[in-house]
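Each remark here refers to the structure printed beneath this line.
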Amino acid sequence: MTFDEEINRVGTHSVKWDEMEKLYGVSPKDGIAMWVADMDFRPPACVQKALEEVIAHGIYGYFGDDGDYLAAIQWWMKNRHGWDVEAASIFTTHGLVNGTGLCVQAFSAPGDGVVLMTPVYHAFARVIKAAGRSVVECQMPVVAGRHVMDFDAWDAQMTGTERMLILCSPHNPGGQVWSVEELRGVAAFAKRHDLIVVSDEIHHDLVFPGAKHTVMPLAAPEIADRLVMMTATTKTFNIAGSHIGNVIIPDPVLRAKFAAVVNGLGISPNSFGLFMATAAYSPEGAEWLDALMLYLDENRRVFDEGVNAIPGLKSMPLEATYLAWVDFSGTGMRREEFTDRVQGAAKIAANTGPSFGKGGEDCLRFNIATPRARIVEAVARLKAAFSDLQ
């Protein structure tokens with residue numbers, strides 16, 4: 001099990017590597033892809049083995065008998081998160097962006113408001129707008145280097161047209177692991193304004209030493225009648241291309257509404273994703289994940305030490321995810337200038353901050369889930385690109 005191997009992904013239809021020149025002007029020939037949230041590592045061997053067995057059999061018919069698959073999800077949630085999940089509450093979607101879209105359709109109507117705590121994962125706003133709903137941005141101020149929830153300000157923003165709140169837990173792009181107190185604050189806010197809470201916890205396995213993630217059902221059981229949980233194997237095990245996710249709905253009334261949308265669209269899962277997820281949610285997958293987090297922890301240290309040594313740059317302390325959120329406001333530069341230095345001089349493709357909503361204007365998001373030699377090289381390039389500040 002090694003994460004140091006540099007695997008050439010160029011020419012493999014990789015969004016991260018094959019699309020970055022078109023979108024960021026950074027050539028894969030000499031650039032570093034640090035934008036799309038997938039990893040440059042192979043998944044656990046058990047996932048590869050499961051696919052090889054399917055391919056060796058050679059018949060790709062409809063998938064039936066999902067008992068092992070559902071049991072694997074239940075086992076993982078119980079063993080890794082202390083959460084008991086009913087098999088009947090689990091829906092399988094084509095990833096969690098698809099899950100988000102289905103929730104928007106099931107629990108809101110055109111013209112309704114959907115609350116986002118920004119800056120936050122950009123696909124949420126895209127899906128909400130495409131469905132004819134209104135994005136309600138509740139901006140999180142940064143206090144002592146951490147995003148904080150400003151419920152008093154958000155209470156004043158609400159107009160009564162809001163129907164849903166999408167929570168990103170742990171937070172992307174800030175990398176925060178929300179405390180139980182913060183999660184209970186979200187629950188109370190949702191109750192005050194009669195909001196369905198969709199808790200996207202796709203990063204809940206990617207938590208660094210010193211932080212502890214709590215799943216929303218355990219933090220705030222009192223909102224079980226308005227809670228939708230979204231989890232997945234895809235980020236944890238680097239199998240995003242399988243397009244598979246779990247939407248877990250404890251409440252039978254909400255479950256029926258969601259099922260009606262799923263059934264109306266004729267959605268059924270891809271069998272390859274089911275085989276991969278079943279294999280990943282296992283003791284072997286857990287062992288691989290533990291090793292991954294130790295590796296990423298050192299990547300985090302190398303990246304943060306290097307970036308924070310550059311005057312004017314500040315990497316937000318990362319408690320979870322492999323996505324570093326770097327604030328360039330201390331440089332005094334306009335966004336166009338610091339972005340050009342990163343993309344043009346350092347030849348690094350990183351996500352631009354404004355795509356994450358209010359509060360992201362002076363930031364870039366860097367993916368550190370890549371072999372450490374690339375992290376070292378990226379830090380060296382950033383130091384050179386901002387050498388006049390040192």
Side-chain angles (χ1 to χ4, degrees), residues 91 93-142 147-169 171-174 176 178 182-183 185-202 216 220 223 225-230 245 247 249 251 253-262 264-265 267 351-363 365:
F91 294 85
T93 62
H94 289 279
L96 293 193
V97 175
N98 172 238
T100 301
L102 293 170
C103 287
V104 170
Q105 296 291 341
F107 306 122
S108 68
D112 286 346
V114 179
V115 176
L116 299 179
M117 298 154 48
T118 62
V120 76
Y121 178 46
H122 44 75
F124 294 154
R126 184 180 76 237
V127 167
I128 293 165
K129 291 174 183 176
R133 277 66 165 172
S134 174
V135 175
V136 180
E137 293 190 58
C138 289
Q139 185 175 343
M140 292 187 289
V142 176
H147 288 117
V148 297
M149 299 177 179
D150 190 351
F151 294 112
D152 289 341
W154 301 349
D155 281 335
Q157 273 187 250
M158 297 299 104
T159 65
T161 61
E162 300 82 11
R163 296 291 175 265
M164 278 178 53
L165 178 151
I166 301 176
L167 172 68
C168 196
S169 178
H171 184 243
N172 168 19
Q176 268 102 99
W178 303 120
E182 287 169 321
L183 294 174
V186 172
F189 176 79
K191 289 186 76 172
R192 283 197 301 275
H193 300 286
D194 194 20
L195 304 174
I196 300 294
V197 176
V198 176
S199 187
D200 182 345
E201 304 196 9
I202 197 169
M216 188 56 121
I223 63 163
D225 63 341
R226 62 176 69 245
L227 177 63
V228 176
M229 287 286 292
M230 299 203 303
V247 174
I249 307 177
D251 182 73
V253 175
L254 294 184
R255 199 183 300 167
K257 290 181 179 179
F258 190 83
V261 172
V262 170
L265 293 172
I267 292 173
N351 291 97
T352 53
S355 65
F356 297 90
K358 293 178 180 177
E361 295 81 5
D362 295 316
C363 299
R365 192 189 74 173

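Atom set for the values below is all heavy atoms of this structure, side chains included, hydrogens, waters and symmetry mates excluded.
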>> Please give me the minimum heavy-atom distance between E137 and K358, naming the atom from each residue.
In response: OE1-N, 2.7 Å

> How far apart are the closest heavy atoms of L183 and M216, and which atoms are they?
Replying inline: O-CE, 3.5 Å

>> Tell me the closest heavy-atom pair linking G245 and L96, and the distance in Å.
In response: CA-CD2, 3.8 Å

>> Testing the basics here: between F124 and C168, what is the closest heavy-atom pair and its distance to 0.1 Å?
In response: CE1-CB, 4.2 Å

> Roughly how far, to the nearest 0.5 Å, is CG of D251 from CZ of R226?
Replying inline: 10.0 Å

>> Using only atom types and a distance under 3.5 Å, with no angle test, would you say the side chain of T93 pairs donor to acceptor with the backbone of G95?
In response: yes

> What distance separates L102 CG from H94 NE2, expressed to the nearest 0.5 Å?
Replying inline: 9.0 Å

>> Are the side chains of F189 and M149 in contact, using a 4.5 Å heavy-atom criterion?
In response: no

>> For a quick test of reading the model, state the closest non-hydrogen atom pair linking R163 to D112 and the distance between them.
In response: CG-OD2, 3.1 Å

> Looking only at atom types and distance, does a side-chain atom of Q176 sit under 3.5 Å from a main-chain N or O of H147, one as donor and one as acceptor?
Replying inline: yes

> Does the side chain of M140 come within less than 4.5 Å of V120's, by heavy atoms?
Replying inline: no

> Is any side-chain heavy atom of L116 less than 4.5 Å from a side-chain heavy atom of V135?
Replying inline: yes

> Going from SG on C103 to CG on D200, what distance comes out if it is rounded to the nearest 0.5 angstrom?
Replying inline: 9.5 Å

> Which atom names give the shortest non-hydrogen contact between P354 and E361, and what distance separates them?
Replying inline: CG-CA, 4.2 Å

> Do N172 and I202 come within less than 4.5 Å of each other through their side chains, counting heavy atoms only?
Replying inline: no

>> Are S199 and M230 packed together at the side-chain level, in the sense that at least one heavy-atom pair is separated by less than 4.5 angstrom?
In response: no

> So, do Q105 and K257 sit near enough that their side-chain heavy atoms are less than 4.5 Å apart?
Replying inline: no

> Where does the angle between the aromatic ring planes of F258 and F107 fall among parallel (under 30°), tilted (30 to 60°) and perpendicular (over 60°)?
Replying inline: parallel

> Any donor and acceptor pair, going by atom type alone, linking the side chain of R192 with main-chain N or O of D155 inside 3.5 Å?
Replying inline: no

> Among V198, L195, V228, V197, which residue meets the side chain to side chain contact (heavy atoms under 4.5 Å, CB included) test with M164?
Replying inline: V198

>> To the nearest 0.5 Å, what is the distance between OG1 on T100 and CZ on R126?
In response: 10.0 Å

> What distance separates I166 CD1 from Y121 OH, expressed to the nearest 0.5 Å?
Replying inline: 11.0 Å

> Roughly how far apart are M229 CE and L167 CG, rounded to 0.5 Å?
Replying inline: 9.0 Å

